[in-house]
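Below is one structure, written out as structure tokens; comments come after it.
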Amino acid sequence: MKDREALQNHRNKFSGAVNRQIYGRHSLTSQVTLAMIALVAGTVMLCLILNTLFLGRFYIWNKAKILSTSYQKINAAAQTDSLYSEEFDIEFERMCVNNNLTIMIINPDRRTIVRSSVNDTQTMLKYFLELLISISDMNDIEDASLIRSGEDFVIQKQTDRRMESDYLVMWGTLSDGKMVIARSALESIHESSNLTNRFLFMIGGIAVIIGAIVAGIVTQRITNPILELTELSKRMTELDFDAKYTVSRKYQNEIDFLGEHMNEMSSKLEHTISELKSANNELMLDNEKKTQVDEMRKEFLSNVSHELKTPLALIQGYAEGLQECIHDDAESRDFYCDVIMDEADKMNQMVKKLLTLNHLEFGDEAVSIERFDLTELVAGVINASSILIRQNEITVHFDSSRPMYVWADEFKIEEVITNFLSNAIHYALYEKRIDVFYTVKEDCVRLSVFNTGEPIPQNDLDKVWIKFYKVDKARTREYGGSGIGLSIVKAIMDSMNRQCGVFNRDGGVEFWMELDTGMPLLSTPQPKEAVLK
């Protein structure tokens, strides 16, 4: 069982590999993997573009908001005269450190520093004074550098030529007349943007690789069962129902249920097709039997009509001759009457044989198995035919000195021997010799009747048992044969489950039959088919 499952799994893997090679890039695995890679790569590229185009603007907007909020807090402290309080000291330090701001509060005389976030206050004061001197009026601020403005403050983007750096600068006047100046370097945003882009690029590459691997694994778990179902459906179209879908997972999903339904459908299709084939085969056999019966009926009617036509024509012709008194002498009338009686007798014999054959074929005649001396029976048949034998100048050889006891229906076996001997007499030629002899076997004896003469054509050997079949029609008609005798022989031997046959020998033809020498086993009948050697 394990070997069979292993073989099935190997077959499924092989089929999956072959199907992947066939479908190539159009397979579901390839499409899902490419879609996953494209999604991750597109997301990374979008992040890079957005980071490059909008991160700086967002940073400036956010810094401007922080500077504006810082001004509001400082102005609120100025209004409450708490610029020098310990609480504002902590708030001022938090604003500068957390937001990376440089802030300086100056008296209206622009010389005395009230509060500063840097130790080098003189340098910063000089920078701020130069900045203020460069702008004599707020209306002189270029719109391109203006970021945000309020009633008492302005936020502007400036470039420090000495440091060659960009800054976001806020200055304004507090409610108590003091001036507040603050700035934040913008150079860090460029460095942060570049660093973020490099980080996103590396993370994106790793994400693409991991996504491709994960997508390949996940889709294979989905597509392998689908490929197996595809192979199963393909084999079902070729009427190969041995292929079954195997559920190897503990938890079944929709594909597993589909596979189980495919297995059920395969079994039902196999059963249905088997029934259809059986029914079709039976129908063909019935049609063949019907055709054979029709052909046999037509052939029988044709043969009977042919066999009766000649004697009826003779009877009619000679009867008309008698009626019209063609010959008035007594000798002619006697001859006409003899012909009429002879032809009528032939017709009568043929009808009797047909009735006998019909009873034998349909099993209407009971078979009486008894023990008798076959030698005595053969001698009696030869003696009864002695006149015909002498007329044809035939020599018959038969050893009647030893008895041969057999089990059979004596009267039916007499009919068989009579037909064999009559057939040999009418076809004996050349030496005109008939040999009747035994061949003793282990549990039976074979009685053979051999006559010298022309051999039966090989194609006709298996047809001599057919009703009305005649090898030499002219010769059969010459001695008055009807072509029914050997059919009766075959039917008699079949009724006793024994064998009979015919074959050509050097110089002639031999007919034979076999009979039981011991008590026949009726429960194990012999084949009814004739063995033709």
Side-chain angles (χ1 to χ4, degrees), residues 356-357 359-385 396-425 427 433-452 455-456 458 460-466 484-533:
T356 301
L357 182 59
H359 290 315
L360 288 170
E361 288 180 340
F362 287 93
D364 294 337
E365 288 195 359
V367 178
S368 177
I369 304 296
E370 57 184 356
R371 188 171 183 267
F372 61 91
D373 186 0
L374 182 61
T375 301
E376 183 180 348
L377 182 62
V378 173
V381 173
I382 293 174
N383 186 54
S385 304
V396 178
H397 297 278
F398 174 65
D399 183 8
S400 59
S401 60
R402 59 168 182 164
M404 179 62 65
Y405 290 96
V406 295
W407 289 88
D409 189 316
E410 184 175 359
F411 294 102
K412 287 183 172 56
I413 296 301
E414 182 179 2
E415 180 74 17
V416 173
I417 298 172
T418 301
N419 277 285
F420 277 175
L421 187 60
S422 174
N423 190 72
I425 291 171
Y427 283 96
R433 188 183 84 250
I434 297 176
D435 296 332
V436 182
F437 56 93
Y438 297 137
T439 302
V440 180
K441 297 186 177 182
E442 183 177 355
D443 57 348
C444 66
V445 61
R446 173 178 289 189
L447 172 66
S448 299
V449 179
F450 169 78
N451 66 274
T452 58
I456 298 174
Q458 194 67 29
D460 294 328
L461 279 175
D462 56 346
K463 299 177 181 178
V464 297
W465 314 101
I466 301 175
I484 304 175
L486 292 179
S487 300
I488 294 176
V489 169
K490 183 66 170 60
I492 289 174
M493 298 308 295
D494 286 344
S495 68
M496 292 186 293
N497 298 317
R498 299 309 303 173
Q499 297 176 341
C500 63
V502 59
F503 59 91
N504 293 318
R505 278 176 46 188
D506 292 339
V509 180
E510 179 179 327
F511 283 87
W512 58 270
M513 68 173 176
E514 292 182 349
L515 298 173
D516 289 312
T517 55
M519 184 64 184
L521 300 177
L522 299 179
S523 59
T524 56
Q526 296 296 325
K528 293 186 177 182
E529 296 294 332
V531 178
L532 305 179
K533 295 186 178 180

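Note that the structure is predicted; figures quoted are calculated from it, not measured.
Residues F450 and W512 have side chains not in contact (no heavy-atom distance under 4.5 Å, counting atoms from C-beta outward). Considering only heavy atoms from C-beta on, E514 stays 4.5 Å or farther from V445 through its side chain. The side-chain heavy atoms of F420 and L486, taken from C-beta on, include a pair separated by under 4.5 Å. Within the 4.5 Å cutoff, the side chain of V489 has no heavy atoms near those of the M513 side chain. Taking 4.5 Å as the limit, every side-chain heavy atom of L447 sits out of range of all side-chain heavy atoms of V406.
We find the CG-CD1 distance between L421 and I417 to be 9.0 Å, quoted to the nearest 0.5 Å. N419 contributes atom CG, which lies 11.0 Å from atom CD of E414 (distance to the nearest 0.5 angstrom). Between the CZ atom of R371 and the CG atom of D516 there is a distance of 12.5 Å, given to the nearest 0.5 Å. For the atom pair CE of M493 and CD1 of I488, the computed distance is 14.0 Å after rounding to the nearest 0.5 Å. Note that the CG atom of L374 and the CD atom of E410 stand 9.5 Å from one another [nearest 0.5 Å]. Taken to the nearest 0.5 Å, the CZ atom of F437 stands 9.0 Å off from the CZ atom of R446.
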For this session: Run the numbers on Y405 and T375 for side-chain hydrogen bond (donor to acceptor under 3.5 Å, both in side chains), then give the verdict.
Result: CA-CA 8 Å; Y405 290 96; T375 301; over 6 Å; no
For this session: Carefully, step by step, assess W465 and C500 under the rule side chain to side chain contact (heavy atoms under 4.5 Å, CB included).
Result: CA-CA 10 Å; W465 314 101; C500 63; 4.0 Å; yes
Exercise. So V436 and I434, side chain to side chain contact (heavy atoms under 4.5 Å, CB included) or not? Walk me through it.
Worked result: CA-CA 7 Å; V436 182; I434 297 176; 4.2 Å; yes
For this session: For R498 and I492, run side chain to side chain contact (heavy atoms under 4.5 Å, CB included): C-alpha distance rounded to whole Å, both residues' side-chain angles, the deciding distance at 0.1 Å, then the answer.
Result: CA-CA 9 Å; R498 299 309 303 173; I492 289 174; over 6 Å; no
Less than 3.5 Å apart, which donor and acceptor atoms pair up between the side chains of residues 376-385 and the rest of the protein, not counting sequence neighbours?
unit_1, atom_1, unit_2, atom_2, d
S385, OG, V381, O, 3.2

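Of all heavy-atom pairs between D409 and F372, the closest is C-CE2, 4.3 Å. Of all non-hydrogen atoms in L515 and A408, the two that sit nearest each other are CD2-CB, 4.0 Å. Of all heavy-atom pairs spanning D373 and M404, the tightest one is OD1-N, 2.9 Å.
With respect to V502, the side-chain contact (heavy atoms from CB on, under 4.5 Å) criterion is satisfied by exactly one of V464, D462, V449, N423: V464.
At a threshold of 4.0 Å, the pair R433-D435 counts as salt-bridged, since one of the basic side-chain nitrogens sits closer than that to a carboxylate oxygen.
Legend: residues meeting side chain to side chain donor-acceptor pair (under 3.5 Å) with E510, ordered by chain and number and at least two apart, are S448, R505.
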